[in-house]
Amino acid sequence: MYQFNYHRPATLEEATRLFSEADDGFYLSGGQTLIPTLKQRLASPSDLIDLSGIEGMKGIEAGNGVVSIGAFTRHAEVAASGVIRETLPVLSALAGLIGDAQVRNMGTLGGSVANSDPAADYPAAVIGLGATVHTSSRTIAADDYFQDLFETALEPGEILTRIDFPVPDRAAYRKFPNPASRYAVAGVLVADFGGSIRVGVTGAGPCAFRATAMEEALSADLTPAVARAAEVPAGNFNSDLHASAEYRANLVRVMAERAVSDLLAE
Amino acid sequence: MSDTGIGASVRRREDVRFITGSGRYTDDINQPGQTYAVFLRSPHARAKISAVDSSAALAVNGVHAVLTGQDMAADGLGDLPCGWLVKQKDGSDMVSAPHPPLAHTVANYVGEPYGIVIAETLAAAREAAELVMTEFDELEPIVDLTGARGADQIHEGVSGNLAYDWELGEKAATEAALAGAAHVTRIDLTNNRLIPNAMEPRAALGVYESATGEHTLYTTSQNPHLERLILSAFVQVAPEHKLRVVAPDVGGGFGSKIFVYAEETAVIWAARKVGRPVKWTADRSESFLADAHGRDHVTHAELGLDADGRFVALKVQTTANLGAYLSTFGSSVPTYLYGTLLAGQYATPNIYVEVAGVYTNTAPVDAYRGAGRPEATYVVERIVETAARELGRDPAELRRLNMIRPDQFPYETPVALVYDTGDYEASLDRALEHVDYAGFPARRAASEAAGRKRGIGFACYIEACGLAPSQLAIQLGAGVGLYESGEIRVNPTGNVTVFTGSHSHGQGHETTFAQVVSDKFGIPFEDVEIVHGDTGRVEFGLGTYGSRSLAVGGSALVSAADKLIAKGRKIAAHMLEADVDAVEFSDGQFLVRDSNQALSFGEVAFAAYVPTNYPTDLEPGFSEKAFYDPENFTYPAGTHIAEVEVDPATGVVTLVNFVAVDDFGHVINPMIVDGQVHGGVAQGAGQALLEHGIYDDFGQLVTGSYMDYCMPRADDVPDFLVDTTVTPCTHNPLGVKGCGEAGAIGSPAAIMNAVTDAVGDNGLSMPATPEKVWRALHG
Ligand SMILES: Cc1cc2nc3c(=O)[nH]c(=O)nc-3n(C[C@H](O)[C@H](O)[C@H](O)COP(=O)(O)OP(=O)(O)OC[C@H]3O[C@@H](n4cnc5c(N)ncnc54)[C@H](O)[C@@H]3O)c2cc1C
């Protein structure tokens, strides 16, 4: 780690001001991505602005068909939350699959979605449930939020504050974990909103995306076999040490097939 | 049997400190005035080091020195030696490329150290290391093992990058027998490169006392005396009597801490140069790059069978990756620890093996849990299983037909070993029973019905442990004898301090050895203290590897104990006014036969130190030592059976059942032995299914962290069923064989046989990752 100045602002305004005043400021949330990067000396921020003191970024609320979760909510809190288990069980199940207990006890929803790791789990839910991302200055629709590898619609200094997840009739998430890191090699969230199906995919491409062809096919005929046979945009899938693009395309179909089975079994 | 004696599952006394965080590892040791070291490491797989400019680094506050390979060479330090000389086919010596501890002209793998930065704090050392400006001239790296022999030469004078071309066995007879065989099975195998990953990374702390000229090196070593010997005799860091090496608690080694590395050499040298203690602890990224790796073979093998299914010949051709330099024992692993084991448990009359040991621009490769024997077992057990499939024979029965029978011992193999004893069918039968072999077809049908594929696979392995009869080992090229030392000091109050030259880095010697000694003397377990890992306290030793500690080190303790008992009988005879021949020792009592006269062990010990009524021709004191040199290797053997389920949609393999029945000879502590097998099988499952050290074409290690290098975890393995059969070793006093590596030796072959049973062979190689298995299924 290199030296940096540490701040723990109490309000959003103070946080964004600190950011604009810093030479090279970084927000710190759960630190599960940022701290390892600092320890490996891969980043040298001038200032770390810790978001843990901002009350407005915490809390879980449900109502009007929406579950609203503060960005500074730890994965373990989402996994254990009674409100979420009751109204949006797919999300607590998803959170419970992230990393390991240590990571879940520190990592946060906002940190994960702001970071937009191509293999992170939450983005599948943001896309698959058609969530709304609130920031320090505006709201962003899920479909406009993820842009490319580690690239989101967030502007420099913009803070992700809450995410509103619409509650579907039913939904399920299936993840194929990387055997080493346990991040998603492919993760698929299938949600049924009154017969209209949304499919959010993570792990496979540069960032989370909607599998539109599969959505159409499943909206017409919601069966596991249809999911398995659906077309997926394998052309720009990731290919790495752990999985080729072709294998990832297979995994997306298989995870979708299994998610549909789970969803129908509900 | 007492509840702490031989055969009892005594809880490991060392675990109390380990699991309460009160162990004392190298990094826990701090010295007044201590400084911190960071190594300069090559970012290139192959590059000339043209210039090192440390001016900016030296300007950092708190930096004491930036020392380079040039400085070390100028101080006259020698190269790191390879301790095993392999003779080539033509009788010439292997070609050992010079291995300077710190590179000074060329760097030959990513992570190779070429300098050391020493500073008041670790942060300052890190900062300074980044400011060292090194000019490299990059050269084309040689990374691909199979292409290395035809590639550009890495080391001067090593043509074809060939360290050696070695053979064992009768080539002509083997080829003739293959030509005449009714059936020949051919197989091509890759034994994947593994990265050891002991829980505690390597560390070293060098201390120099200018007043006395004494050097002390605290380091993560499996064999501190050997480290001292090499550092003084070859590297010439300090004379042996001015160098103390301490290996305190060591958190796992698996072979990777046998070797003498650059870093410990550099810190002890640097401590003298800067006049301050110097400490270095590897971070995990350094461990990945710069610990010696394991395995990495490519092999073609042919097995000939007669019309009845009897093996008539086995021919094996292996290319072994030795990495950029020959590590301490790197040359011996793919030769004498590999080729000699290719008979397995079978009476194959003709065996021939040739091994090309090849240099590449990758980290050095050396012994890793099993060291050569997992590779040998992998060849033998994969080809035997394949032969059974080709011939439509039951794989268990084909093995049984070919096993060496109990009445054939001692059995001389065609590859230089004489097996002393064994009963291979006994462990096979027990394992078949435990796995419910008869019930397998029903289990397979149930899996199929649930949409999964199921496979079963065997490995009937043998290993040679208890390294080693010194004369034989030296004849085969070892640079040192391989006996072990032991010393028992009975204190005047009757409790006992035991010094062993073997080293525990997780094996539980403090418990097992105390069981042996307390049992021997009939004294309480609590009265026995085990000391190891310090050249300042233990006279000499060759350390722990190759499952040798109990068979060799334990036997040395038995010899020392016998000497004490003999002396005690003389003392007791004098005190009881009896004839020495009439004095017996049992259950902690020296007794005069046919009388009720007796003295306790403690009373005799006291008399030896306070000799009031004492034989005039006997020296006082009650302490003895022994060097035990084994007559032969020991030959643990057994049957491992794996059962797997495969999800055909994803290729995920689940190890659902694993049975290990091992013959380790007599077992001192069954709980510890079970634990050793559990850990070994988990490691073998790691090799078979998860772990792979991969370099890209540029020689960059792409599996350099746990994000990409997959270690086995608890949920990757099933509840193992482990059991033992016993044929006592015939040539050591405890009848023990060694159990530390068996789990990692048998399991990769058993698991891969099970996976290929489930999905077909299709050239599937380890690790059988989901995508590879999926491709094997779907083409
Ligand atoms: C061993 C391990 C395993 C993991 N496995 C998984 C897994 O299986 N699935 C998975 O999804 N993730 C996994 N993760 C990642 C984990 O979920 C992280 O917590 C997450 O990626 C980042 O969240 P964080 O709160 O830790 O953010 P931080 O590390 O604090 O921040 C990450 C980045 O986002 C920025 N940032 C943080 N919060 C905000 C905000 N509110 N507004 C704007 N920018 C912000 C930071 O400046 C930083 O650049 C794993 C991590 C580890 C270490």
Side-chain angles (χ1 to χ4, degrees), chain A residues 1-4 32-33 36-42 44 97 99-103 117-120 174-188 203 224-225 227-229 237-261, chain B residues 38 61 121-127 129-131 195 197 283-286 288 451 647-655 685-686 688-696 700-716 767-779:
Chain A
M1 244 183 239
Y2 297 97
Q3 286 199 6
F4 51 79
Q32 294 304 288
T33 296
T37 314
L38 298 184
K39 282 190 173 171
Q40 289 179 70
R41 300 165 84 89
L42 296 173
S44 50
L97 294 173
D100 50 46
Q102 290 92 327
V103 168
D117 189 300
R174 279 286 188 139
K175 164 186 189 176
F176 187 88
N178 176 322
S181 71
R182 311 252 159 139
Y183 271 94
V185 178
V188 180
R228 182 75 178 266
F237 276 9
N238 308 326
S239 204
D240 57 29
L241 194 62
H242 303 285
S244 65
E246 187 189 0
Y247 179 60
R248 276 196 163 85
N250 171 64
L251 290 178
V252 169
R253 293 193 194 92
V254 173
M255 293 304 112
E257 175 190 33
R258 291 177 184 177
V260 171
S261 299
Chain B
V38 164
N61 201 7
T121 63
L122 185 56
R126 283 225 164 100
E127 191 188 333
E130 280 174 4
L131 293 172
I195 302 178
N197 279 297
D283 60 30
R284 188 57 67 180
S285 310
E286 285 182 290
F288 271 102
D647 174 353
T650 59
V652 169
V653 175
T654 308
L655 186 55
L689 301 174
L690 306 167
E691 298 181 48
H692 198 180
I694 300 174
Y695 285 93
D696 69 12
Q700 296 293 335
L701 183 67
V702 290
T703 52
S705 83
Y706 293 133
M707 295 300 281
D708 296 303
Y709 189 88
C710 187
M711 294 291 287
R713 296 173 224 203
D715 61 354
D716 290 314
T769 55
E771 177 161 4
K772 282 200 223 166
V773 173
W774 179 74
R775 287 192 182 279
L777 274 167
H778 301 281

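In what follows, every heavy atom counts, from backbone to side chain, and hydrogens, waters and symmetry copies are set aside. Proteins get letters first, then strands, A, B, ... in listed order; numbering begins at 1 in each. Because the structure is predicted, anything quoted here is derived from the model rather than measured.
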(request) For the residue pair A:Glu246 and B:His778, establish whether any side-chain heavy-atom pair is separated by less than 4.5 Å. (result) no
(message) I want to check something: taking the side chain as every heavy atom from C-beta on, are B:Glu127 and A:Arg41 in contact at a cut-off of under 4.5 Å?
(response) yes
Which atoms of [X] approach chain A - backbone, side chain, both or neither, heavy atom under 4.5 Å:
| X | answer |
| --- | --- |
| B:Leu689 | neither |
| B:Asp696 | neither |
| B:Thr769 | neither |

(message) Between B:Asp715 and A:Arg182 (salt bridge meaning N to carboxylate O under 4.0 Å), is one present in this structure?
(response) yes
(request) Answer yes or no: is there an ion pair linking B:Arg713 with A:Asp100, defined by an N-O contact shorter than 4.0 Å? (result) no
(request) State, to 0.1 Å, how close B:Cys710 and A:Pro179 come at their nearest heavy-atom pair, and which atoms those are. (result) SG-O, 3.1 Å
(message) Ignoring hydrogens, what is the shortest heavy-atom contact between A:Tyr247 and B:Pro770? Give both atom names and the distance.
(response) OH-CB, 3.0 Å
(request) To the nearest 0.5 Å, tell me how far B:Met707 CE sits from A:Leu241 CG. (result) 12.0 Å
(request) Measure distances from A:Arg253 to the heavy atoms of chain B and classify the residue's part below 4.5 Å as side chain, backbone, both or neither. (result) neither
(request) Pick one of side chain, backbone, both or neither for A:Met255, based on which atoms fall under 4.5 Å of a heavy atom in chain B. (result) side chain
(message) For the backbone of B:Thr650 and the side chain of A:Asn250, can you confirm whether one donor and one acceptor N or O come within less than 3.5 Å of each other?
(response) no
(message) Run the side chain to side chain donor-acceptor pair (under 3.5 Å) test against A:Tyr2 and tell me which residues pass, sequence neighbours left out.
(response) B:Glu130
